[in-house]
Amino acid sequence: MPSIINDLLTTPAHAQSAGGGLLSGDGIMAVLPYVAMFAIFYFLLIRPQQVKQKQLRNQLAGLRRGDRVLTAGGIIGVVQKVQAESNEVEVEIAPGVRVNVLRDTIGSVITSAGTPANDATPDKPAKNG
């Protein structure tokens with residue numbers, strides 16, 4: 001009776017052949033999901049972010065007077081003076097209010113030439129309904 005219980009509770013150990021290492025079929029199949037996951041992350045997350053950063057660097061290098069910019073703090077302003085030898089840019093955030101900001105703090109460049117529909121220009125008075 002004890003040998004039957006012993007046979008039920010233990011499993012026989014079979015000798016296994018040694019794996020061929022990483023270059024064997026089993027080794028490649030074990031690493032393949034990790035390689036595929038890295039490739040997916042690279043093309044969906046890393047590469048688009050690098051392209052976006054490069055585009056922003058090019059926009060900041062070509063910054064000129066009259067461009068509308070959005071700072072990292074959420075302030076929208078119009079570039080008044082760009083100092084080529086310095087990292088500072090003079091931005092007008094309200095009529096008569098100018099501040100110096102660093103180029104690195106500019107989050108995006110908005111080059112919209114149009115004015116919003118509800119703003120009246122000095123040449124054209126606002127229409128009342």
Side-chain angles (χ1 to χ4, degrees):
M1 181 86 163
S3 85
I4 295 174
I5 294 176
N6 194 18
D7 289 341
L8 291 175
L9 296 177
T10 59
T11 57
H14 300 286
Q16 296 180 357
S17 63
L22 184 61
L23 297 178
S24 70
D26 292 337
I28 291 175
M29 293 306 290
V31 174
L32 191 62
Y34 295 109
V35 172
M37 201 174 354
F38 177 76
I40 290 170
F41 277 129
Y42 179 77
F43 287 111
L44 291 180
L45 298 175
I46 299 170
R47 181 71 179 139
Q49 186 66 26
Q50 288 175 343
V51 170
K52 187 177 178 182
Q53 287 175 348
K54 183 178 180 181
Q55 180 183 11
L56 180 61
R57 278 194 307 267
N58 290 339
Q59 287 178 342
L60 292 178
L63 204 59
R64 62 182 190 272
R65 186 171 193 262
D67 286 345
R68 288 183 55 180
V69 294
L70 173 66
T71 65
I75 299 173
I76 296 176
V78 178
V79 174
Q80 296 299 316
K81 187 192 317 183
V82 178
Q83 300 173 359
E85 67 277 354
S86 177
N87 196 23
E88 295 179 1
V89 177
E90 187 175 298
V91 177
E92 185 174 29
I93 58 174
V97 180
R98 295 183 177 185
V99 295
N100 289 335
V101 297
L102 296 175
R103 281 184 200 254
D104 298 336
T105 62
I106 295 176
S108 65
V109 178
I110 307 167
T111 55
S112 173
T115 58
N118 61 354
D119 286 352
T121 61
D123 297 339
K124 299 178 188 174
K127 292 184 180 180
N128 292 331

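- Between V51 and K54 there is no side-chain heavy-atom pair separated by less than 4.5 Å.
- Atom CD1 of residue I110 and atom CG of residue L70 lie 5.5 Å apart, to the nearest 0.5 angstrom.
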Please report, to 0.1 Å, the donor-acceptor pairs under 3.5 Å made by any side chain of residues 28-49, with sequence neighbours excluded.
none

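- Follow the hydrophobic side-chain contacts under 4.5 Å out from V78 and you never reach V89; the two are in separate clusters.
- In this structure, the separation between CD on E88 and NZ on K81 is 10.0 Å, given to the nearest 0.5 Å.
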Inset, instruction - Kindly indicate, with the supporting measurements, whether the criterion side-chain contact (heavy atoms from CB on, under 4.5 Å) is fulfilled by V99 and I75. - result: CA-CA 11 Å; V99 295; I75 299 173; over 6 Å; no
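- Separation of atoms CD1 (I106) and CZ (R103) is listed at 7.5 Å; rounding is to 0.5 Å.
- At least one donor-acceptor pair closer than 3.5 Å links the side chain of E92 to the backbone N or O of G96.
- Taken to the nearest 0.5 Å, the OG1 atom of T105 stands 9.0 Å off from the CG atom of L60.
- Atom CG of L56 and atom CG of D104 lie 9.5 Å apart (nearest 0.5 Å).
- A donor-acceptor contact shorter than 3.5 Å is absent between the side chain of N58 and the backbone of Q55.
- Atom CD1 of I93 and atom CD1 of I76 lie 11.5 Å apart (nearest 0.5 Å).
- Side chain of R65 to main chain of Q80: a donor-acceptor pair is present (N/O by atom type, distance under 3.5 Å, no hydrogens or angles).
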